[in-house]
2 protein chains.
Amino acid sequence: MAERARTYHHGDLRASLVDEAAAMISESGTASVTMRAIGSRLGVSRGAPYRHFPDKTALLVAVAVAGFKRLNRRLGASDTGTSPSSVEQLRRMGEQYVRFALEHPAHYRLMYGKEALARQDQPELRKAAGALLENLVDVIRVHQQRGEIEGGDPRAQAYVAWSAVHGLASLLIEKQIDPNVDVDELIRQTTQTLLGGLRDRSP
Amino acid sequence: MAERARTYHHGDLRASLVDEAAAMISESGTASVTMRAIGSRLGVSRGAPYRHFPDKTALLVAVAVAGFKRLNRRLGASDTGTSPSSVEQLRRMGEQYVRFALEHPAHYRLMYGKEALARQDQPELRKAAGALLENLVDVIRVHQQRGEIEGGDPRAQAYVAWSAVHGLASLLIEKQIDPNVDVDELIRQTTQTLLGGLRDRSP
DNA sequence: CGGGGCATGTTGACCGCGTCAACATACAGG
DNA sequence: CCTGTATGTTGACGCGGTCAACATGCCCCG
């Protein structure tokens with residue numbers, strides 16, 4: 001940081017902007033991200049970001065995309081082991097998903113909040129979210145082949161699963177759920193119910 | 001509320017504000033709601049709304065509350081016929097929920113978007129959303145007693161069900177779901193899977 | 001029946017914000 | 001070294017939320 005102050009040029013302002021915006025979002029919400037504020041935090045002027053992003057929306061989109069990538073990485077990590085009861089592993093993925101949202105509520109909100117991100121379709125965002133879906137579809141397909149999940153369009157099942165965890169995450173971070181309920185237990189129950197509904201019981 | 005309409009001189013501005021704001025939200029999103037714009041639409045000045053709401057957030061909260069009431073009424077209506085295959089009736093409730101969101105995307109977004117509604121807890125909003133949850137809990141309790149849904153805390157099950165439909169609604173209106181998929185079929189599949197997971201199979 | 005008080009509506013002003021245009025500066029490659 | 005381009009700065013504009021001061025009309029009290 002002291003280094004920045006010394007040079008007229010920042011070095012890697014673009015990356016810094018994304019990081020700093022994410023930090024501000026975590027600290028005090030997306031509304032607190034202001035071109036002026038973020039510039040001042042990084043020791044640059046309010047106009048500087050415009051050399052790297054066409055407008056504020058584009059910057060926020062970049063932050064959202066970074067969020068999707070982090071979430072994706074986290075889910076991938078929990079996916080690694082050909083672990084025990086593979087349904088249990090799938091359950092754990094859902095748990096990680098919700099936990100991510102709880103740990104980064106404002107960031108998660110931004111990722112899914114079309115409102116904050118202009119009306120236009122943002123291809124980058126779509127791609128990042130799409131990657132998440134693809135991973136989920138792959139995992140489901142594997143479990144189908146193991147006969148642990150009923151047949152049918154794995155993509156549709158992925159959407160159902162995504163809906164369940166996203167809905168729970170969303171209700172939790174918007175504080176629509178009684179704070180007295182045991183969150184861990186609720187997460188477990190949600191994933192359990194979901195997997196119960198998807199389980200193959202043809203034989 | 002019978003004779004309220006004729007009170008004071010320029011009609012019932014408060015109610016008009018809520019209605020007009022809701023209309024503007026439907027037409028062009030919450031961002032388009034401006035004190036100046038809404039005033040001009042109603043033929044009053046930009047300051048007039050401040051005689052009825054302390055600030056813009058309060059007005060939007062009122063709109064959101066109205067949304068919850070409408071949604072609640074709609075779900076209640078689909079609840080009436082207690083005769084048909086009762087699980088099918090529950091499924092239909094979920095369907096109505098998602099359909100409401102699809103028909104009023106911006107309004108629905110506002111109802112759940114804490115971002116747009118200040119950080120403060122809005123007791124009115126909490127109450128309206130709480131009523132929705134209560135209704136759901138009641139319905140689930142009935143189905144439990146009929147042995148169609150497994151035992152356990154009905155409140156937790158209500159949260160699970162709410163998560164599923166809210167998640168699907170949210171993903172749909174944020175356009176996170178491939179437009180090529182059959183929405184009706186996806187709704188059906190989601191509610192079906194959910195109910196499958198909740199179904200009592202102890203005997 | 002008339003005046004006063006209060007609820008309601010209006011206007012001017014302020015500040016913060018996103019954004020653009022004009023300007024300044026530094027780094028790179030000849 | 002010198003200059004062009006990428007990068008950063010500053011001034012200005014318009015919009016939007018909000019407050020304070022002012023205006024207006026309705027109802028109630030005397």
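Lettering follows sequence order; numbering is per chain, from 1.
- To the nearest 0.5 angstrom, B:Ile140 atom CD1 is 6.5 Å from B:Leu90 atom CG.
- The stretch residues 32-73 of chain B participates, sequence neighbours left out, in these ring pair (Phe, Tyr, Trp, His ring centres under 6.0 Å) pairs: B:Phe68-B:Tyr112.
- Atom-to-atom, OH of B:Tyr50 to P of D:dA21 comes out at 17 Å; the value is rounded to the nearest Å.
- Against DNA chain D, the stretch residues 32-42 of chain B makes heavy-atom approaches under 4.0 Å through B:Val33, B:Thr34, B:Met35, B:Arg36.
- Taking the six-membered ring for Trp and the full ring otherwise, A:Tyr159 and A:His166 have centroids separated by 6.0 Å or more.
- With sequence neighbours left out, A:His104 forms a ring-ring contact (aromatic ring centres under 6.0 Å, His included) with A:Phe100.
- Distance B:Arg46 CZ to C:dG12 P: 8 Å, rounded to the nearest Å.
- No more than 12 heavy atoms of other residues, nucleotides or ligands lie within 6.0 Å of CD in B:Glu124, so this atom counts as exposed by the packing criterion.
- Regarding A:Leu13, its CG atom lies at a distance of 12 Å from the C1' atom of D:dA6, rounded to whole Å.
- When the shell of 6.0 Å around CD of A:Glu134 is examined, it contains more than 12 heavy atoms from other residues, nucleotides or ligands.
- Atom CZ in B:Arg51 sits about 16 Å away from atom P in D:dG25, given to the nearest Å.
- A straight line from CZ of B:Phe53 to C1' of D:dC19 spans 19 Å, rounded to a whole angstrom.
- Atom P of nucleotide C:dC17 and atom CG of A:Leu60 are separated by 14 Å, given to the nearest angstrom.
- Here the P atom of nucleotide C:dT19 and the CG atom of A:Leu59 are 10 Å apart, to the nearest Å.
- A close approach under 4.0 Å does occur between a side-chain nitrogen or oxygen of A:His52 and OP1 or OP2 of D:dG8.
- Distances from the side chain of B:Ala48 to the nucleotides D:dG17, C:dG9, D:dT7 place C:dG9 closest.
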